[in-house]
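What follows is a set of notes on a single structure, which appears directly below.
Any value given below was found using the heavy atoms of this structure, including those in side chains, with hydrogens, waters and symmetry copies removed. Below, chains carry the letters A, B, ... as their sequence lines are ordered, and counting in each starts from 1.
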Amino acid sequence: MAPAPRTALVPDPHGPGGRLQPLAEDGNPLGPPVRTPDLAAAVAEREAAEQPRWVWAAADSAYAPLLPLRLARCHDLRLTEALLLGHDGAWGAPRSLGAAWARLRGLPVPADLPESAGPDDQDGLFAPDRLQLPPGTDPLAAVVAVHAEQQRRTGSIADPATRARFRLLVAAESAGGLLAAEMSHDGLPWRADIHDRLLTELLGPRPTVPGTHPSRLAELAVELQQALGGRPFNPDSHSQVLRAFAEQGIQLGSTRSWELNRVDHPAARLMTRYKELSRLHAAHGWAWQDAWARGGRFRPEYVVGGVVSGRWASRGGGALQIPRILRRAVVADPGWTLVVADAAQLEPRVLAALSQDAGLARSAAEGDLYSALAATAFHGDRDKAKLGLLGAMYGQTSGDIGPLLATLRRRYPTAMGYVEAAARTGEDGGIVRSRLGRTCPPPSADWLDLTEAPESATEAGGRSARARGRFTRNFVIQASGADWALALLAALRRRLTALESGADRPHLVFFQHDEVVVHTPLNLADQVAAAVADAAEEARTLVFGDTPVRFPLSATIADCYADAK
DNA sequence: TCGACTGGCGCC
DNA sequence: AAAGGGCGCCAGTCGA
């Protein structure tokens, strides 16, 4: 396939205009800059004509103002800069356009600006000075130059296969930038009335005085007090809770729920319940709804590559930590429905594909991986198979997991050797990369905090080395899983663009590590489900090439998120 | 009074 | 003896 033509795009700092410039694959200009008074119209026209790969500083400054216009592909300089910095051993250096430009020109490199926060702080995102360019610098010239440099650096990766995978990573990460902007713009359908009903059922009516506890929480606090001797205390204060339990002769090391659950006392159950409800109220209660879920849509801000492993993070609204119970409030619009798909057992499948362990790959070739593993190596005990494999991927050594790991080591030496090699690399201070070439951060002072350690420096050093070993062990899997998920998103997004129903089109409205939700006109739901399956297969081939491992994505059609699967 | 930190728990 | 990876967010706590 011939590479797409490229076009640099820079919006004017104020107003609807902007400038465009055609570029060759290597970043060299193919013509002079073109100024347009109506950037959205000019971009739409060129997109219809040739679907170029749009080259811009960052989606939030260049793409968000163009929405709801949909563009097929882009090269996001900020996201790519972060990938390249990590790859080149400069992990964490500033990645703004201005920073990349400064490095190119040997100028002082500006630090990245703090990100915006809060649902009402959208304006700061579009301010042109976020590009961090020195005064008087032409932003278009900077975009063109930094892009050319990024293409050069990517092209200098020696191994052709590694280079090709890194290019795929750049394209997929950039597509993630497109999608994140679109999902924030479209929002996740959110029924405030259902949310409110759930809250009222669990917590009592919404308090009329802001900042006060809803009735059920207040009642629980009183019941707790009575169960613990009647002395008033604040159930939100750990130290007061510990003291109140201690006065009843119950010594707790913490107020963690698993510890409370082991205590046979009425107050322990009340405390657990209080904490559950209190958390729901504080994190996803009425205040959250007011802030994040107005107008029938939940509009979080997604942070592409916000996690070192390449997983997305979110800013504000806790988009990736919505309690399962609140999925009840995610309901398709009338005439629309949801297609919900999640990858089953993504990480063990990633391990099988990465390590090319023939035995594990057989277990991952279809169906339930843990059952297949159990049948082969654990006398049919699925729980043991799952526990053992998860422990191997996380570097767990506690509990009764030793024998399970020994079994896995015997039966799947290649797979276990793979994660153990990654762990050793980390322990020795080395770096590891995902399948597509995302690099883990190097060791830092965080890994070797000797100040508080009561034991010797040697012991503390060993402990921190093992901690970093667990990190790199998990990184290769989690990050390669994120590679796959990004490829899936890009492939699915492309397929969805091709589906239409009158003026309506299905669109991705949610993505959470290994799960996607598409909001679609009813009559397209089956085609969306098929597109999901096709996209999963495409991602598998793109990321892992020739592997017997399958990455099944079970798609369910349901009007309500809570009813899926 | 405010920022940094901690404990704890939501999600994967 | 302790012994599981990655996040974001809240209330409480503590110190500047």
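- Among residues two or more places apart in sequence or in another chain, the salt bridge (Lys or Arg N to Asp or Glu O under 4.0 Å) test is passed with A:Arg297 by A:Asp333.
- Judged by ring centres under 5.5 Å apart and planes tilted less than 30 degrees, A:Tyr394 fails to stack against the six-membered base ring of C:dG4.
- Qualifying salt bridge (Lys or Arg N to Asp or Glu O under 4.0 Å) partners for A:Arg95, counting only residues two or more places apart in sequence or in other chains: A:Asp112.
- Closest contact between the side chain of A:Ala282 and the listed nucleotides C:dT13, C:dC10, C:dG6 involves C:dC10.
- Of all nucleotides listed (C:dA11, C:dG5, C:dC7), C:dG5 comes nearest to the side chain of A:Arg311.
- Put simply, CG on A:Leu389 is 17 Å from P on C:dG5, counting in whole angstrom units.
- Across all strands shown, A:Gln512 has heavy atoms under 4.0 Å from sugar-phosphate atoms exclusively, and none from any base.
- The distance from atom CD of A:Glu515 to atom P of C:dC7 is 20 Å, rounded to the nearest whole Å.
- Residue contacts shown for A:Gly391 are absent, as no nucleic acid heavy atom lies under 4.0 Å away.
- A:Arg438 meets the salt bridge (Lys or Arg N to Asp or Glu O under 4.0 Å) test with A:Glu173; sequence neighbours excluded.
- A salt bridge links A:Asp290 with A:Arg206: at least one charged nitrogen is closer than 4.0 Å to a carboxylate oxygen.
- The gap from the C1' atom of C:dA3 to that of B:dG10 amounts to 25 Å, rounded to the nearest Å.
- OP1 or OP2 of C:dA11 has not a single side-chain nitrogen or oxygen of A:Ser237 nearer than 4.0 Å.
- Between the side chains of A:Asp368 and A:Gln345, at least one donor N or O lies within less than 3.5 Å of an accepting N or O.
- Listed by chain and residue number, A:Leu188, A:Pro189, A:His507, A:Val517, A:His519 satisfy the side-chain contact (heavy atoms from CB on, under 4.5 Å) test with A:Val509 (two or more places apart in sequence, or in another chain).
- Atom-to-atom, CD of A:Gln396 to C1' of C:dG5 comes out at 11 Å; the value is rounded to the nearest Å.
- Per the geometry, CG belonging to A:Asp514 stands 17 Å off P belonging to C:dC7, to the nearest Å.
- Across all strands shown, A:Arg324 has heavy atoms under 4.0 Å from sugar-phosphate atoms exclusively, and none from any base.
- Residue A:Ser239 is classed as a sugar-phosphate contact, given heavy-atom separations below 4.0 Å to backbone atoms only.
- Using a 4.0 Å cutoff to heavy atoms of chain A, the contacted part of DNA chain B runs 5' to 3' from B:dG7 to B:dC12.
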Less than 3.5 Å apart, which donor and acceptor atoms pair up between the side chains of residues 228-237 of chain A and the rest of the protein, not counting sequence neighbours?
unit_1   : atom_1 : unit_2   : atom_2 : d
A:Arg231 : NH2    : A:Glu247 : OE2    : 3.2
A:Asn234 : OD1    : A:Asp236 : N      : 2.8
A:Asp236 : OD1    : A:Tyr274 : OH     : 3.3
A:Asp236 : OD2    : A:Tyr274 : OH     : 3.2
A:Ser237 : OG     : A:Ser239 : OG     : 3.3
A:Ser237 : OG     : A:Gln240 : N      : 3.3

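- In this structure, the side chain of A:Trp91 engages the main chain of A:Thr439 through a donor-acceptor pair within 3.5 Å.
- Per the geometry, CD belonging to A:Glu347 stands 17 Å off P belonging to C:dG4, to the nearest Å.
- Contact annotation for A:Arg279: base contact, defined as any heavy-atom pair under 4.0 Å involving a base atom.
- Counting to the nearest Å, the C1' atom of C:dC7 and the CZ atom of A:Phe511 are 13 Å from each other.
- Looking at heavy-atom distances under 4.0 Å, A:Leu346 makes no contact with the nucleic acid at all.
- Here A:Asn474 does not reach the OP1 or OP2 of C:dG4: none of its side-chain N or O atoms lies under 4.0 Å away.
- If you take CD of A:Gln321 and P of C:dG6, they are 15 Å apart, rounded to a whole angstrom.
- Taking atom CG of A:Leu277 as the reference point, atom C1' of C:dA11 lies 16 Å away to the nearest angstrom.
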